[in-house]
Amino acid sequence: MPYAQPLWRQIKDDLRAKIRAGIYPPGSKLPSVRLLAEEYDTSHMTVRRALDSMIELDELIGRMGIGVFVAETTANR
């Protein structure tokens with residue numbers, strides 16, 4: 001039986017694919033956690049975990065009170 005990835009990892013993989021496809025180009029602001037939670041039909045905490053893991057890897061940049069942005073160097077990955 002294949003192992004199913006946790007939803008937060010699926011969201012992270014999907015966001016990475018959207019960044020590579022140019023849907024979210026470097027420097028662009030991602031939708032709010034609330035909007036992403038609605039889009040993925042999940043909780044805010046699940047989306048936050050996906051975003052936080054990408055921030056730790058320097059793929060995204062979080063700006064307190066402003067939002068989450070795609071890192072400028074992400075395009076080179």
Side-chain angles (χ1 to χ4, degrees):
M1 176 186 249
Y3 173 74
Q5 276 194 340
L7 184 55
W8 70 270
R9 284 193 180 167
Q10 293 174 39
I11 293 169
K12 180 168 82 169
D13 289 345
D14 188 58
L15 289 172
R16 281 179 172 160
K18 288 179 177 179
I19 290 168
R20 280 193 303 272
I23 295 169
Y24 300 129
S28 68
K29 183 177 178 183
L30 293 182
S32 69
V33 171
R34 180 183 62 80
L35 289 176
L36 288 171
E38 288 176 12
E39 178 181 336
Y40 291 106
D41 193 26
T42 191
S43 72
H44 296 85
M45 290 301 294
T46 301
V47 170
R48 189 78 247 168
R49 185 165 181 191
L51 296 177
D52 286 346
S53 71
M54 294 178 77
I55 289 169
E56 285 179 21
L57 296 170
D58 295 325
E59 295 173 323
L60 299 177
I61 300 168
R63 303 242 189 259
M64 183 78 92
I66 299 174
V68 178
F69 298 81
V70 178
E72 293 291 340
T73 58
T74 301
N76 299 328
R77 294 179 188 212

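Because the structure is predicted, anything quoted here is derived from the model rather than measured.
Here the closest heavy-atom approach between residue A71 and residue P26 is recorded as O-CB, 3.7 Å.
The pair K18-E39 meets the salt-bridge criterion, with a side-chain N (NZ, NE, NH1 or NH2) lying under 4.0 Å from an Asp/Glu carboxylate O.
The cluster map of Ile, Leu, Val, Met, Phe, Trp and Tyr, joined by side-chain heavy atoms under 4.5 Å apart, puts W8 and L30 in different clusters. If you chain together hydrophobic residues whose side chains sit under 4.5 Å apart, F69 and V33 never meet in one group.
Side-chain contact between I61 and V68: absent, with no pair of heavy atoms (C-beta onward) separated by less than 4.5 Å. Looking at K29 and R63, their side chains never come closer than 4.5 Å, going by heavy atoms from C-beta outward.
In this structure, the separation between CG on L15 and OG on S53 is 9.0 Å, given to the nearest 0.5 Å. Interatomic distance, L60 CG to L51 CG, rounded to the nearest 0.5 Å: 6.0 Å. Annotation: the span from S28 atom OG to I23 atom CD1 amounts to 10.5 Å, rounded to 0.5 Å. Atoms CD and OG, from E38 and S32 in turn, are 7.5 Å apart once rounded to the nearest 0.5 Å. Within the model, atoms CD of Q10 and OG1 of T46 stand 10.5 Å from one another, a figure rounded to the nearest 0.5 Å. To the nearest 0.5 Å, the span separating NZ on K12 from CG on L57 amounts to 5.5 Å.
Checking side-chain atoms of E59 against main-chain N and O of V70 turns up no donor-acceptor pair under 3.5 Å.
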